[in-house]
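Counting starts at 1 for both ligands and their atoms, in listed order.
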Amino acid sequence: MKKKRVITYGTFDMFHIGHLNLLNRLSELGDELIVAVSTDAFNAAKGKKTLIPYEQRVEIVRNIKCVNAVIAEENWEQKIEDILKHDINIFAMGSDWEGKFDFLKSHCEVLYLPRTEDVSTTELKIALNDFLKEHGAGFGV
Ligand code: C2G
């Protein structure tokens, strides 16, 4: 029986419950979950500053129970090639990307799952900064 494969892409900086909820829900959609983690160079291209280096972000995602494989996300253009190379059945992202990847529908199912409310890497950084200001050190966010 052919395995149903799911793929998703992301930075996964300061891994949090929003990331975990998404990956767990995605893993329920098929037999294997592949996660493409954005490299530091690609994040720079996305204009996204990350706190945790790529090697550590990959190591954390690779060790999430529901994740079967991790690949590098190096550019915006690799998704179709990835879907073909890994024989992907479902491409899925959180709902903040709603509609942005519908061009992949000719290659696989495309789903957008509701984001987890009230958590994001940015919110975590602000909360941490407030905490540090209150308890001594602090850093410019
Ligand atoms: N996410 C979520 N709930 C949150 C925060 C994030 O469901 N509270 C989801 C996002 O919708 C995304 C995934 O977790 O699908 C990873 O989020 P980021 O690490 O912020 O990824 P992003 O920078 O959006 O990169 O080519 C696609 C890009 O690489 C996506």
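Two residues are said to be in side-chain contact when any heavy atoms from C-beta on lie closer than 4.5 Å; Asp96 and Tyr112 fail this criterion.
Between Ala36, Ser95, Gly94, it is Gly94 that holds the heavy atom closest to atom 12 (C) of ligand 1. Between His16, Met14, Lys48, it is Lys48 that holds the heavy atom closest to atom 20 (O) of ligand 1. Residue nearest to atom 26 (O) of ligand 1, selected from Glu98, Lys100, Glu73: Glu73 (by heavy-atom distance).
Open room surrounds NZ on Lys65; 12 or fewer heavy atoms of other groups in view lie less than 6.0 Å from it. Counting heavy atoms of neighbouring residues, nucleotides and ligands inside a 6.0 Å radius, atom NZ of Lys46 exceeds 12 of them.
Nearest non-hydrogen protein atom to atom 9 (C) of ligand 1 is Leu22 CD2, 3.9 Å. Among all protein heavy atoms, the one lying closest to atom 3 (N) of ligand 1 is Thr116 N, 3.2 Å. In this structure, atom 7 (O) of ligand 1 lies nearest to the protein heavy atom Arg115 CA, 3.6 Å. Protein heavy atom at the shortest distance from atom 19 (O) of ligand 1 is Phe12 N, 2.7 Å.
Within the 4.0 Å heavy-atom shell around ligand 1 one finds Ser38. Ligand 1 is approached by Lys46 to a heavy-atom distance shorter than 4.0 Å.
Checking only distances, Phe42 never comes within under 3.5 Å of ligand 1, N or O to N or O.
The contact set between ligand 1 and Tyr9, taken as ligand atoms under 4.0 Å from a residue heavy atom, comprises 26 (O), 27 (C), 30 (C). Of all the atoms in ligand 1, the ones that sit under 4.0 Å from a non-hydrogen atom of Asp96 are 10 (C), 11 (O). Counting atoms of ligand 1 from 1 in the listed order, those under 4.0 Å from a heavy atom of Trp97 are 24 (O), 30 (C). Those atoms of ligand 1 with a heavy atom of Met93 less than 4.0 angstrom away are 15 (O), 27 (C), 30 (C).
Residues Ile83 and Val67 fall into different hydrophobic clusters, defined by Ile, Leu, Val, Met, Phe, Trp and Tyr side chains chained together at heavy-atom separations under 4.5 Å.
Ion pairing of Asp40 with Arg57 is present here, as a side-chain N (NZ or NE/NH1/NH2) and a carboxylate O approach within less than 4.0 Å.
At a heavy-atom distance under 4.0 Å, atoms from both the backbone and the side chain of Val119 approach ligand 1. Both the backbone and the side chain of Thr11 come within 4.0 Å of ligand 1, judged by heavy-atom distances.
Because its NZ or CZ atom is not both nearer than 6.0 Å to the ring centre of Phe91 and within 45° of the ring axis, Lys79 does not count as a cation-pi partner of that residue.
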Residues Asn129, Lys125; criterion side-chain contact (heavy atoms from CB on, under 4.5 Å); working and verdict: CA-CA 6 Å; Asn129 195 39; Lys125 284 179 183 172; over 6 Å; no
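Inspection of the Asn43 and Thr50 side chains reveals no N or O donor paired with an N or O acceptor under 3.5 Å.
Taking the ring centroids of Tyr9 and Trp97, they lie at or beyond the 6.0 Å cut-off.
Contact between Phe12 and Ala36 at its shortest, heavy atoms only, is CE1-O, 4.3 Å.
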